Each structure stands twice: as C-alpha cells, then as structure tokens.
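Beneath this line is the structure, given in structure tokens, with notes to follow.
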Amino acid sequence: MQILDGKALAQNIENKIQKEVEILNKQGITPGLAVILVGGDPASQSYVNMKAKACKRTGIYSITHEMPENIQQESLLQTIAMLNQNPNIDGILVQLPLPKHIDTTAVLEAIAPHKDVDGFHPFNMGRILANLDGFIPATPMGVITLLKHYHITLQGKNVVVVGASNIVGKPLGALFLNENATITLCHIYTQDLAKFTKEADILCVAVGKPNLITKDIVKENAVVVDIGISKLEDGRIVGDVDYPNVSPKCSFITPVPGGVGPMTIASLLQNTLKAAKLRPSKH
Ligand code: NAP
C-alpha cells in the first residue's frame, strides 16, 4: 500500500506557483484573490484562514470580506459586482455554505466566470461537462492532479464516486469521464452502495460520514481517495473511510488529514494564478 501524499505534492505545487508569481510581479502583476465570508461558522473561518495563509506563502495578494450572518443578499451581490470590476482582483471566492436566507445559486452566478476560481459558476460547470478549458472546482481538480502525479491510470478504469454534490462529487465524476474512465456516481438514494464500491478500481468518497467505507466493501488493490472531513468529539479529524482497516487492502490511499485537503488549497492557488495570467491588461 502506498500513501497518496497530498501534503508533499501541494508543497511542490506551491513552490512552483511562488516562482510564477515572481515572474508575473516583474510584469507589474500581483495575482489577487478576494474571499467573501458570511457569518461566523468556525469551520468556514478556518478554511478561509488556510486559504489566506497559502496566498501569503506564494505571494498572491488576498483580501477577506467578512460579512455578518444577517447580511442582505443585495449587499452581498453589490460586493461581488464591485470585485468583478476591480482590476487587481483575479479570483473571487464565496465560502460556502451561505446562510439559509441567501440564494446560493444567485450569488455564485453573480461572479464573473473569468474570476470564478472556485469553478462553481454554471458557465464553468458546463465547460467541464463539455471537456473544455475553464475553472475546475478545487477539490475535484486536486484529486485528479494527485492521482496523475502518482501515475495512476484513469483511462478505462471503473471509478466510483460516493457523494454527488455540485461542488465535489458531480464535477469529479465529469473529470474522470473526461479521462476516459467509466464512472458511477452514488448518493443517498443509491440502493446497495456496497454492490458498486466493491467493483471500484478507484473509489472516491465525498460524503462527510466517518467509517462509511469499511474494508468489506472495498475491492482488493483498489485506489481509495477519501475526501470527507469530519471532526470527532475528541477533536480528531477523520475522513469517510475506516482507514486502519481499509488501507492494508489498497494499492494507494489518501490519508486524512494530509491527502485531498492540501491539494484543494493548492488547486485554488493554481486557478488564481491562471486567472491572473489571463488578465486583460496583459494583452
Ligand atoms: P454535501 O454537499 O453534503 O454532499 C454530500 C453528498 O453525499 C450528497 O450527495 C449526499 O446526498 C451524499 N450522501 C449523504 N449520505 C450518504 C450515504 N450514506 N451514502 C451515499 N451518499 C451519501 O458535501 P460536500 O460539500 O460534497 O462535501 C462532502 C465531504 O467532503 C464533507 O465531509 C466535506 O467536509 C468534505 N470536503 C472536503 C474537502 C477537502 O478539501 N478535503 C473539500 C470539500 C468538501 P444528499 O445530498 O442526497 O443527502
């Protein structure tokens, strides 16, 4: 069994980004990321802090717009409109989830597609489905980058993705399809989940339920990518896979933490750099 070390790869990617940022700096460009955080959810705050720190490490300018939980949707949309116009901001990210009174779709659709570094705008989602260049959501992008780094063949493989959210499961399935894998997307209404997971050459799990994936439902020598993040009562961070029992059966597996999480941040930075390189002022 080999560990898919997302932490180490993310570090390599950050080093490369830092060098590319220095080159852009010489052309008078500092890539800029604006993050919008609504409310005080501690998990969201912690993710936003991690993103800001990663920007700092790589020389990307970042600014966080913190807004109160009871913010009116109109104010949020105005902030996005302002950021869309700001020539120093290349990427705009709205930390999800948003409070219930806010229409998340309307907010995501307000972001200019060329600044949509989270890749959640339907424009970019559509481009992924059509296998066209665009911004790919950071977590699915990080998963594919990690698998390719370890030279894991995707073409022709049976890939099962458990969890079908718009931000992780669905785009991840589309990316695997673009790599010529055969994909199965499982979700809460899937009958007999084990029937599918047992057939997976590559099993990706993005649900948020610790120990959902046990060793009896994983194929021998499977590649297992654990995307889930849950905080246990004792403070430990775990994924969706029963790691101690499943890992001996795998050819490759991601640890949690240290697998997909750091790759998500690295992919966001890559998207921000990409947006900066496409700045209109450069042409
Ligand atoms: P989400 O929107 O809650 O989606 C979870 C998906 O799993 C939904 O499709 C849900 O179906 C499905 N599901 C729930 N219970 C299931 C079950 N027993 N069997 C099969 N499918 C089931 O969550 P998300 O945003 O995609 O995130 C998923 C997990 O990944 C979370 O733990 C999150 O913290 C983690 N995550 C990690 C990273 C990272 O960087 N590592 C990034 C993003 C998310 P229904 O919607 O029908 O209930």
Side-chain angles (χ1 to χ4, degrees), residues 3-7 9-10 13-14 35 41-54 93-98 100 104-105 108 117-120 125 128 135-147 159-176 183-200 203-214 216-218 224-232 236-243 253-271:
I3 286 181
L4 296 167
D5 189 346
K7 197 173 170 195
L9 178 56
I13 293 171
E14 279 194 17
V35 179
D41 173 55
S44 292
Q45 265 173 340
S46 136
Y47 292 138
V48 166
N49 285 342
M50 284 196 282
K51 289 167 188 175
K53 279 187 192 158
L93 178 161
V94 179
Q95 185 65 41
L96 301 181
L98 290 169
K100 289 213 163 32
T104 301
T105 306
L108 295 179
V117 288
D118 243 349
F120 296 162
M125 287 284 182
I128 294 175
F135 289 110
I136 299 171
T139 302
M141 178 172 160
V143 170
I144 299 291
T145 306
L146 187 59
L147 294 175
V159 177
V160 175
V161 177
V162 185
S165 70
N166 283 343
I167 63 173
V168 185
K170 281 189 212 167
L172 183 57
L175 292 180
F176 276 117
I183 54 162
T184 306
L185 285 190
C186 297
H187 45 77
I188 192 81
Y189 297 110
T190 299
Q191 291 175 22
D192 195 1
L193 179 67
K195 185 178 100 185
F196 298 99
T197 59
K198 278 178 180 173
E199 293 299 318
L203 175 62
C204 300
V205 197
V207 171
K209 291 202 172 136
N211 295 325
L212 178 70
I213 303 299
T214 47
D216 51 309
I217 66 166
V218 176
V224 174
V225 178
D226 192 352
I227 301 163
I229 301 177
S230 301
K231 196 170 186 179
L232 302 182
R236 274 186 304 140
I237 302 288
V238 295
D240 293 339
V241 177
D242 173 11
Y243 186 90
I253 188 166
T254 56
V256 178
V260 177
M263 290 304 298
T264 295
I265 307 254
S267 304
L268 170 69
L269 301 176
Q270 283 179 312
N271 277 346

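Just so it is clear, the model here is predicted, and its values are computed rather than measured. Just so you know, ligand 1 is whichever comes first in the structure, and atom 1 is the first atom listed for that ligand.
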Among protein heavy atoms, which sits nearest to [atom], and what does the distance come to when rounded to 0.1 Å?
atom: atom 12 (C) of ligand 1; answer: Gly163 CA, 4.0 Å
atom: atom 42 (C) of ligand 1; answer: Thr139 OG1, 3.1 Å
atom: atom 17 (C) of ligand 1; answer: Ile188 CD1, 3.9 Å
atom: atom 14 (C) of ligand 1; answer: Val207 CG1, 3.6 Å
atom: atom 44 (C) of ligand 1; answer: Val168 CG2, 4.0 Å
atom: atom 34 (O) of ligand 1; answer: Ile229 O, 3.5 Å
atom: atom 21 (N) of ligand 1; answer: His187 C, 3.3 Å
atom: atom 30 (O) of ligand 1; answer: Ile227 O, 3.5 Å

- Item | Any protein heavy atom < 4.0 Å from atom 6 (C) of ligand 1 |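 For atom 6 (C) of ligand 1 the answer is yes, since some protein heavy atom falls inside 4.0 Å.
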- Query: Any protein heavy atom lying closer than 4.0 Å to atom 46 (O) of ligand 1?
  - Reply: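 Protein heavy atom within 4.0 Å of atom 46 (O) of ligand 1: absent.
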Short list, please: which atoms of ligand 1 are under 4.0 Å from a heavy atom of [X]?
X: Leu212; value: 18 (N)
X: Ile167; value: 25 (O)
X: Thr264; value: 39 (C), 40 (O)
X: Gly261; value: 40 (O), 41 (N)
X: Ala206; value: 5 (C), 6 (C), 7 (O), 28 (C), 29 (C)
X: Val162; value: 20 (C)

Looking at side-chain heavy atoms only, is the closest gap between [X] and [Y] below 4.5 Å?
X: Val238; Y: Val256; result: no
X: Val218; Y: Ile213; result: yes
X: Val143; Y: Leu147; result: yes
X: Lys195; Y: Thr190; result: no
X: Pro137; Y: Met125; result: yes

Does [X] reach ligand 1 with a nitrogen or oxygen that is under 3.5 Å from one of the ligand's nitrogen or oxygen atoms?
X: Lys209; value: yes
X: Ser165; value: yes
X: Tyr189; value: no

Answer yes or no for [X]: is there a heavy-atom contact with ligand 1 below 4.0 Å?
X: Thr190; result: no
X: Gly169; result: no
X: Ala164; result: yes

Just by distance, do the side chain of [X] and the backbone of [Y] share a donor-acceptor pair under 3.5 Å?
X: Asp240; Y: Ile227; answer: no
X: Ser165; Y: Val168; answer: yes
X: Thr197; Y: Ile217; answer: yes
X: Thr254; Y: Leu4; answer: no

- Item | Passing candidate, side chain to side chain contact (heavy atoms under 4.5 Å, CB included) with Leu212, options Val162, Asp242, Asp226 |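 It is Val162; the other options fail the test.
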- Query: Of Gly6, Gly208, Pro97, which has the heavy atom at the shortest distance from atom 31 (C) of ligand 1?
  - Reply: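 Nearest heavy atom to atom 31 (C) of ligand 1 lies in Gly208.
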- Trace of the side chain to side chain contact (heavy atoms under 4.5 Å, CB included) decision for Leu98 with Leu96: CA-CA 5 Å; Leu98 290 169; Leu96 301 181; 3.9 Å; yes
- Minimum heavy-atom separation for Gln95 to Ser44, with atom names?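 Closest approach of Gln95 to Ser44: CG-CB, 3.8 Å.
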- Message: For Val205 and Val241: C-alpha separation, side-chain torsions, deciding distance, then whether side chain to side chain contact (heavy atoms under 4.5 Å, CB included) applies.
- Response: CA-CA 8 Å; Val205 197; Val241 177; 4.2 Å; yes
- Query: Given Val161 and Ile183, is the side chain to side chain contact (heavy atoms under 4.5 Å, CB included) satisfied, shown in steps?
  - Reply: CA-CA 7 Å; Val161 177; Ile183 54 162; 5.7 Å; no
